[in-house]
A.B. asks: 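Right, I'll just put the structure down here and ask away after.
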Amino acid sequence: MSRVALPQYLESAAVTPELQTVLLGLATVSADISKALAKGALADILGAAGAENVQGEDQKKLDVIANDMIKDALAALPAVRGLASEEEAEVVPCHTDGRYLVTFDPLDGSSNIDINSMVGTIFSVLPHAGEAPVTEQDFLQPGRHQQAAGYVLYGPSVMLVLSTGNGVVMFTLDQDTGSYLLTEAEVVIPVEAKEFSINMSNQRHWAAPMQSYIADLISGKDGPRSKDFNMRWVAAMVADVHRILCRGGLFTYPWDSRKPDQAGKLRLMYEANPMGFLVEQAGGEIWTPDGKILDIQPDHIHQRVPVILGAANEVALCVDYHQR
Ligand code: AHG
Ligand code: MN
Ligand code: MN
């Protein structure tokens, strides 16, 4: 069976040649990252890097390796005006006449690295919005402005999931040839959910509306929802969102009273916005308790946000618990 390869797909999508170079560059470097991940302990790349990132989180060696690989790959592309990464304190200026800004989470789900479980790379492409050289201000655009977004899931197979604003498609990496081949042409999230995804160990720290929403899901057939729900938590947003794109459900990472001044754990520009672009393009919804995430005007590249995403009806219901 002959399958459509990523370059062919991008040719046929309404994507500028410059954006094609960015997406192909990300695809190529992700295949290289997957090879490094596959070597694991043999290449001495597991464990801590011994440093903290700008967000005060301990970096793993692979956070740093993946960040450097993606940074180098993107900086080599004339179309890239600048980049911002979860692992970089400041934005990185690249080519003064580049058309695009790229933000990324080089290695999502870092806590899974040392247990040989699923991790990913998340990326978002924004139009450039200022004079050269690039400043942080240029990146502070609502998620609605994204020209493309996606992720790579490093799982039993390596998959690239992408939207250029015309639906969501999935590619699988052919390890023999190194090319990404189209394996799902039209991703749609069912409007009703049967499954939810949340780190339950934080339950006592959530706000009251999230406590009662989840309590009602857990009470199943005997509760107000009159329906049993299944629960899954991979602890890598890429893998949890991938499941939702494949078979539906709701994912949330809520605000937590242990860090009352921090909006949530997940980052708006490296995690929530790109995933939000995919989820909306697949017919789902992504909200904070008080509005749609893609409409948020960012005020800081590293800002965080509470996230509720997935099946449209279930997200609406969860938001309703917060707004009642
Ligand atoms: P990262 O590894 O990029 O810091 O992101 C981890 C995030 C996200 O991927 C995941 O949903 C969540 O943190 C896992 O959080 P818990 O440790 O609370 O499970
Ligand atoms: Mn992450
Ligand atoms: Mn990360």
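Read the numbers this way: they start at 1 and go in the same order the structure lists the ligands and their atoms. Every heavy atom of this structure was used, including side-chain atoms; hydrogens, water molecules and symmetry mates were not. Note that this is a predicted model, so its numbers are computed, not measured.
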A.B. asks: Can a non-hydrogen atom of Val238 be found less than 4.0 Å from any atom of ligand 1?
C.D. replies: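 Not so, Val238 does not reach ligand 1.
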
A.B. asks: Mark the output for Gln55 as yes if a heavy-atom distance to ligand 1 is under 4.0 Å, and as no if none is.
C.D. replies: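 It does not, in that no heavy atom of Gln55 comes within the 4.0 Å cut-off of ligand 1.
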
A.B. asks: With a 4.0 Å cut-off on heavy atoms, does Asp240 reach ligand 1?
C.D. replies: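 Under 4.0 Å: no for Asp240.
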
A.B. asks: For atom 18 (O) of ligand 1, find the nearest protein heavy atom and state the residue, atom name and distance (0.1 Å precision).
C.D. replies: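 Result for atom 18 (O) of ligand 1: Tyr253 OH, 2.5 Å.
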
A.B. asks: Can you tell me which residue and heavy atom of the protein come closest to atom 11 (O) of ligand 1, and the distance to 0.1 Å?
C.D. replies: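 For atom 11 (O) of ligand 1, the nearest protein heavy atom is Met237 N, 3.4 Å.
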
A.B. asks: Got the closest protein heavy atom to atom 9 (O) of ligand 1, with its distance?
C.D. replies: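 The protein heavy atom lying closest is Asp108 OD1, 2.6 Å.
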
A.B. asks: What N/O/S atom of Asp108 gets nearest to the Mn ion (ligand 2)?
C.D. replies: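 Of all N, O or S atoms in Asp108, the Mn ion (ligand 2) lies closest to OD1.
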
A.B. asks: Will you find, in the side chains of Asn67 and Ser85, an N or O donor that is under 3.5 Å from an N or O acceptor?
C.D. replies: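 Checked: Asn67/Ser85 side chains pair up, N/O donor to acceptor below 3.5 Å.
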
A.B. asks: With Arg3, which residues qualify under salt bridge (Lys or Arg N to Asp or Glu O under 4.0 Å), at least two apart?
C.D. replies: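 Checked Arg3 against salt bridge (Lys or Arg N to Asp or Glu O under 4.0 Å); zero matches.
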
A.B. asks: I'd like to check Met231 versus Glu195 (side-chain heavy atoms, cut-off strictly below 4.5 Å). Are they in contact?
C.D. replies: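 Sidechains of Glu195 and Met231: no contact.
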
A.B. asks: Of the side chain and backbone of Asp105, name the one, both, or neither that has a heavy atom under 4.0 Å from an atom of ligand 1.
C.D. replies: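 Contact part for Asp105 vs ligand 1: side chain (C-beta onward).
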
A.B. asks: Please tell me whether Tyr253 and Trp233 form a close aromatic pair, meaning their ring centres lie under 6.0 Å apart.
C.D. replies: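 They qualify: ring centres under 6.0 Å apart.
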
A.B. asks: At a 4.0 Å threshold, what atoms of ligand 1 neighbour a non-hydrogen atom of Ala236?
C.D. replies: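 Result: 9 (O).
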
A.B. asks: Would you verify whether the NZ or CZ of Arg225 falls within 45 degrees of the ring axis of Phe229 while also being under 6.0 Å from that six-membered ring's centre?
C.D. replies: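 The answer is no; the distance or angle limit is not met.
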
A.B. asks: Sequence neighbours excluded, which residues qualify as salt bridge (Lys or Arg N to Asp or Glu O under 4.0 Å) partners of Asp174?
C.D. replies: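 Expected list: none.
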
A.B. asks: Can you name the N, O or S atom of Asp105 that is closest to the Mn ion (ligand 3)?
C.D. replies: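 In Asp105, the N, O or S atom with the shortest distance to the Mn ion (ligand 3) is OD1.
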
A.B. asks: What protein heavy atom is closest to atom 7 (C) of ligand 1, reported as residue, atom name and distance in Å?
C.D. replies: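 The answer is Leu266 CD2, 3.8 Å.
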
A.B. asks: Check each atom of ligand 1 against the heavy atoms of Asn199 and keep those under 4.0 Å away; list them by number with element.
C.D. replies: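 Reading through ligand 1 atom by atom, the close ones are 16 (P), 18 (O), 19 (O).
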
A.B. asks: Can Tyr213 and His322 be counted as having a side-chain donor-acceptor contact under 3.5 angstrom?
C.D. replies: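 Per modelled atom types, Tyr213 and His322 side chains form no pair under 3.5 Å.
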
A.B. asks: Report the part of Arg267 (side chain from C-beta onward, or backbone N, CA, C, O) that has a heavy atom under 4.0 Å from ligand 1; answer both or neither where that applies.
C.D. replies: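 Side chain only.
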
A.B. asks: Do you know which N/O/S atom name in Glu271 is closest to the Mn ion (ligand 2)?
C.D. replies: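 The nearest such atom is OE2.
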
A.B. asks: Kindly indicate whether the side chain of Asp295, heavy atoms from C-beta on, has any atom under 4.5 Å from the side chain of Arg144.
C.D. replies: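 Yes, at least one pair of side-chain atoms sits under 4.5 Å.
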
A.B. asks: Determine, using heavy atoms of Leu107 and all atoms of ligand 1, whether some pair is separated by less than 4.0 Å.
C.D. replies: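 True for this residue.
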
A.B. asks: To the nearest 0.5 Å, what is the distance between NE2 (His128) and CD (Gln147)?
C.D. replies: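 Rounded to the nearest 0.5 Å, the NE2-CD separation comes out at 10.5 Å.
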
A.B. asks: Just need the protein heavy atom nearest to atom 19 (O) of ligand 1, so name the residue and atom and give the distance.
C.D. replies: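 Answer for atom 19 (O) of ligand 1: Trp233 NE1, 2.9 Å.
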
A.B. asks: Under a 4.0 angstrom heavy-atom cut-off, which atoms of ligand 1 come close to Ser110?
C.D. replies: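 Those of ligand 1 that fall under 4.0 Å from Ser110 are 2 (O).
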
A.B. asks: Would the number of heavy atoms belonging to other residues, nucleotides or ligands and lying under 6.0 Å from CD of Gln137 be above 12?
C.D. replies: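 Atom CD in Gln137 is not crowded, with 12 or fewer foreign heavy atoms closer than 6.0 Å.
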
A.B. asks: Can you tell me if Gly109 contacts ligand 1 (heavy atom of the residue under 4.0 Å from the ligand)?
C.D. replies: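 Gly109 counts as a contact of ligand 1 under the 4.0 Å cut-off.
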
A.B. asks: Apply side-chain contact (heavy atoms from CB on, under 4.5 Å) to residues Phe171 and Val158 and explain how you reach the verdict.
C.D. replies: CA-CA 9 Å; Phe171 298 83; Val158 177; over 6 Å; no

A.B. asks: Group every Ile, Leu, Val, Met, Phe, Trp and Tyr by side-chain heavy-atom contacts under 4.5 Å, then state whether Leu278 and Val152 land in the same group.
C.D. replies: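 No; Val152 is not reachable from Leu278 via cluster members.
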
A.B. asks: If you count the atoms of ligand 1 from 1 in the order shown, which ones are under 4.0 Å from a heavy atom of Glu271?
C.D. replies: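 The list of qualifying atoms is 3 (O), 5 (O).
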
A.B. asks: Name the closest protein heavy atom to atom 15 (O) of ligand 1, giving the residue it belongs to and the distance to 0.1 Å.
C.D. replies: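 For atom 15 (O) of ligand 1, the nearest protein heavy atom is Lys265 NZ, 3.0 Å.
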
A.B. asks: For the Mn ion (ligand 3), find the closest N/O/S atom belonging to Glu86 and write down its atom name.
C.D. replies: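 Result for Glu86 and the Mn ion (ligand 3): OE2.
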
A.B. asks: Are Glu271 and Arg304 close enough for a salt bridge, meaning some N to O gap below 4.0 Å?
C.D. replies: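 Salt bridge between Glu271 and Arg304, a charged N being under 4.0 Å from a carboxylate O: no.
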
A.B. asks: May I ask you to check if any N/O/S atom from Gly109 comes under 2.8 Å of the Mn ion (ligand 3)?
C.D. replies: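 Looking at Gly109, which is the residue asked about, there is no N, O or S atom under 2.8 Å from the Mn ion (ligand 3).
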
